[in-house]
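First comes the structure, then the notes that go with it.
In this text the structure is predicted, and so the values were computed from the model without any measurement. Order of listing sets the numbers, starting from 1, for every ligand and every atom in it.
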Amino acid sequence: MPKVLVVGAGGREHAIVRALLRTASATPEVHAAPGNPGIAADAAVHDVAADDVPGLVALAVELAVDLVVVGPEVPLVAGLVDALREVRIPAFGPTAAAARLEGSKAFAKEIMIAAGVPTAGYETVTTVDAGMAAITGYPVVLKYDGLAAGKGVVIAEDEAAARATLVDMLEDQQFGDAAVVVEEFLAGEEVSLLAVCDGVRAIPLAPAQDYKRIFEGDQGPNTGGMGSYSPVVGVDAARALEISAAVHQPVVDELARRGTPFTGVLYAGLMVDPDAGTVKVLEYNTRFGDPETQAVLPRLTSDLFALTAAAAGGPDAELGGLEGVELAWDERWAVTIVLASRGYPASAHKGDVIKGLDRTPSSAEVTHAGTAIDERGRVVTGGGRVLNVTALGESPSQARQAAYAAAQGILFDGRQIRKDIAERAVERWQG
Ligand code: AMP
Ligand code: GLY
């Protein structure tokens with residue numbers, strides 16, 4: 001029986017564990033580190049943190065796993081895949097050098113330009129005057145690119161707002177190497193298109209949309225994601241292949257050319273403008289999306305273990321293992337609702353008892369994110385995003401209704417659920 005270790009503790013990793021078990025032709029023995037109470041019901045969990053690179057390598061060696069699948073970006077950027085390759089353990093995820101695509105917005109832009117990927121026009125600046133000179137119209141997008149993460153992205157509507165943001169990002173914050181990417185504002189609709197890459201080629205997964213803001217109608221602060229659905233109206237399989245050829249393959253080629261081949265998931269955050277017929281890349285992530293994965297993987301019918309093992313390459317990391325691979329999908333729609341705790345995203349109320357988990361209909365899949373077990377053995381809230389509920393349906397509206405019905409049956413104090421997940425798909429789908 002093959003052995004696999006999944007690194008991470010969220011809903012994404014729980015969905016990966018479930019898909020590894022569900023789709024395998026030879027069911028693997030699944031381990032997770034550190035996992036969570038939901039993952040512990042499906043896999044053997046080990047108390048090693050997701051950012052403890054030496055600890056994870058030691059665990060993988062001790063368990064003698066055949067494959068490590070890495071969920072979050074932090075261990076990727078910290079070189080977990082490189083360290084595993086040194087001990088000849090295949091790992092699904094990019095090396096630290098390739099993970100810079102997510103780690104640095106300026107590097108990502110440089111690669112996009114070199115690879116000829118369609119993206120918003122931009123300039124990287126380090127002074128307020130250079131920033132103001134780089135602006136060609138409003139609104140304009142200002143992206144912080146420096147050591148202090150979390151300054152994020154500001155869309156400035158006029159000159160006064162742009163200047164104030166640049167002063168804040170470049171002068172008020174005393175970070176030595178602060179830089180700002182000044183970027184053209186793109187109109188349209190956001191789509192997440194992820195591809196599995198083997199260092200040579202990129203195979204797109206089904207498209208998805210996520211909902212980043214806490215409140216209905218995309219209001220309020222950004223979160224880790226309040227829901228998702230897959231596929232996306234207007235992006236059928238043929239269109240996904242076409243887009244992937246324009247946004248994934250050139251990057252895989254460019255990184256191979258530079259001697260830092262990309263293996264793992266290349267996540268393209270896209271702005272699709274249906275009126276102009278254009279697709280442009282907003283950003284790359286170098287891992288599965290959360291919560292997109294919770295909606296995408298339940299639709300995958302191909303063997304995920306075989307897929308990730310082929311992409312990871314052998315112990316000596318020979319590349320190109322995906323030659324001839326084609327993915328198969330359940331045609332149904334999937335909708336994922338996130339249940340968040342009181343106070344999220346500013347804070348996360350812990351210790352609220354979760355009820356109704358045992359009554360979830362078997363047609364819905366519940367994956368755990370921020371849950372914990374209290375001293376009386378009860379499942380309680382333990383983080384901001386607590387649970388994900390995914391349901392499949394023959395139409396977006398069927399999937400949506402089933403997901404909400406199951407989500408409403410899970411109760412805890414302060415529970416937050418966004419009510420408009422997948423409404424867009426329901427409105428546009430003509431089945
Ligand atoms: P990023 O971290 O680069 O993905 O940006 C965060 C969010 O800001 C995106 O998900 C978009 O909603 C928005 N955004 C980023 N870049 C642009 C752009 N060039 N035009 C319009 N919106 C953008
Ligand atoms: N859903 C957005 C992300 O995973 O970054």
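- Taking the centre and axis of the six-membered ring of Phe288, the NZ or CZ atom of Arg12 falls outside the cone set by 45° and 6.0 Å.
- When non-hydrogen atoms are compared, ligand 2 lies under 4.0 Å from neither the backbone nor the side chain of Lys212.
- Numbered from 1 in the order shown, with element, the atoms of ligand 2 that lie under 4.0 Å from a heavy atom of Arg287 read 3 (C), 4 (O), 5 (O).
- The atoms of ligand 2 that sit less than 4.0 Å from any heavy atom of Gly289 are 4 (O).
- Protein non-hydrogen atoms do reach within 4.0 Å of atom 21 (C) of ligand 1.
- Close contacts of ligand 1 with Lys105, meaning ligand atoms under 4.0 Å from a residue heavy atom, involve 1 (P), 2 (O), 3 (O).
- In the vicinity of Asn285, heavy-atom distances shorter than 4.0 Å reach the ligand 2 atoms 5 (O).
- One option in Lys212, Glu190, Met271, Arg213 has a heavy atom closer to atom 12 (O) of ligand 1 than any other, and that option is Glu190.
- Under a 4.0 Å criterion applied to the non-hydrogen atoms of Lys143, ligand 1 contributes the atoms 3 (O), 15 (C), 16 (N).
- Counting heavy atoms under 4.0 Å from ligand 1, residue Glu184 touches it through the backbone alone.
- Other residues, nucleotides and ligands place more than 12 heavy atoms under 6.0 Å from the CG atom of Asp158.
- The protein atom (non-hydrogen) at minimum distance from atom 17 (C) of ligand 1 is Leu282 CD2, 3.4 Å.
- When only modelled atom types and interatomic distance are considered, Ser341 and Thr381 share no side-chain donor-acceptor pair under 3.5 Å.
- Taking every heavy atom of Phe185 and a limit of under 4.0 angstrom, the matching atoms of ligand 1 come to 20 (N), 21 (C).
- The residues Asp352 and Lys350 are annotated as not salt-bridged, no charged nitrogen and carboxylate oxygen being separated by less than 4.0 angstrom.
- Looking at atom 8 (O) of ligand 1, its nearest protein heavy atom turns out to be Val153 CG1, 3.7 Å.
- Aromatic ring orientation, Trp429 versus Trp333: perpendicular (interplanar angle above 60°, classes split at 30° and 60°).
- Heavy-atom proximity to Asp210, at under 4.0 Å, picks out these atoms of ligand 2: 1 (N), 2 (C).
- A salt bridge does not link Asp253 with Arg258: every distance from a Lys NZ or Arg NE/NH1/NH2 to an Asp or Glu carboxylate oxygen is 4.0 Å or more.
- With salt bridges taken as basic N to acidic carboxylate O contacts below 4.0 Å, one links Glu423 and Arg400.
- Looking at Tyr267 against ligand 2, only its side chain comes within 4.0 Å, counting heavy atoms.
- Which parts of ligand 1 touch Glu183 is read off a 4.0 Å heavy-atom cut-off, strictly below it: atoms 16 (N), 17 (C), 18 (C), 19 (N).
- Electrostatic pairing of Glu13 and Arg18 does not count as a salt bridge here, judged by no charged N lying under 4.0 Å from a carboxylate O.
- Close approach of ligand 1 to Leu186 (heavy-atom distance below 4.0 Å) involves ligand atoms 18 (C), 19 (N), 20 (N), 21 (C).
- Contact record, Gln416 with Ile214: OE1-CD1, 3.7 Å, taken as the closest heavy-atom pair.
- Shown here for Ala115 and Val251, the closest heavy-atom pair between the two residues is CB-N, 4.2 Å.
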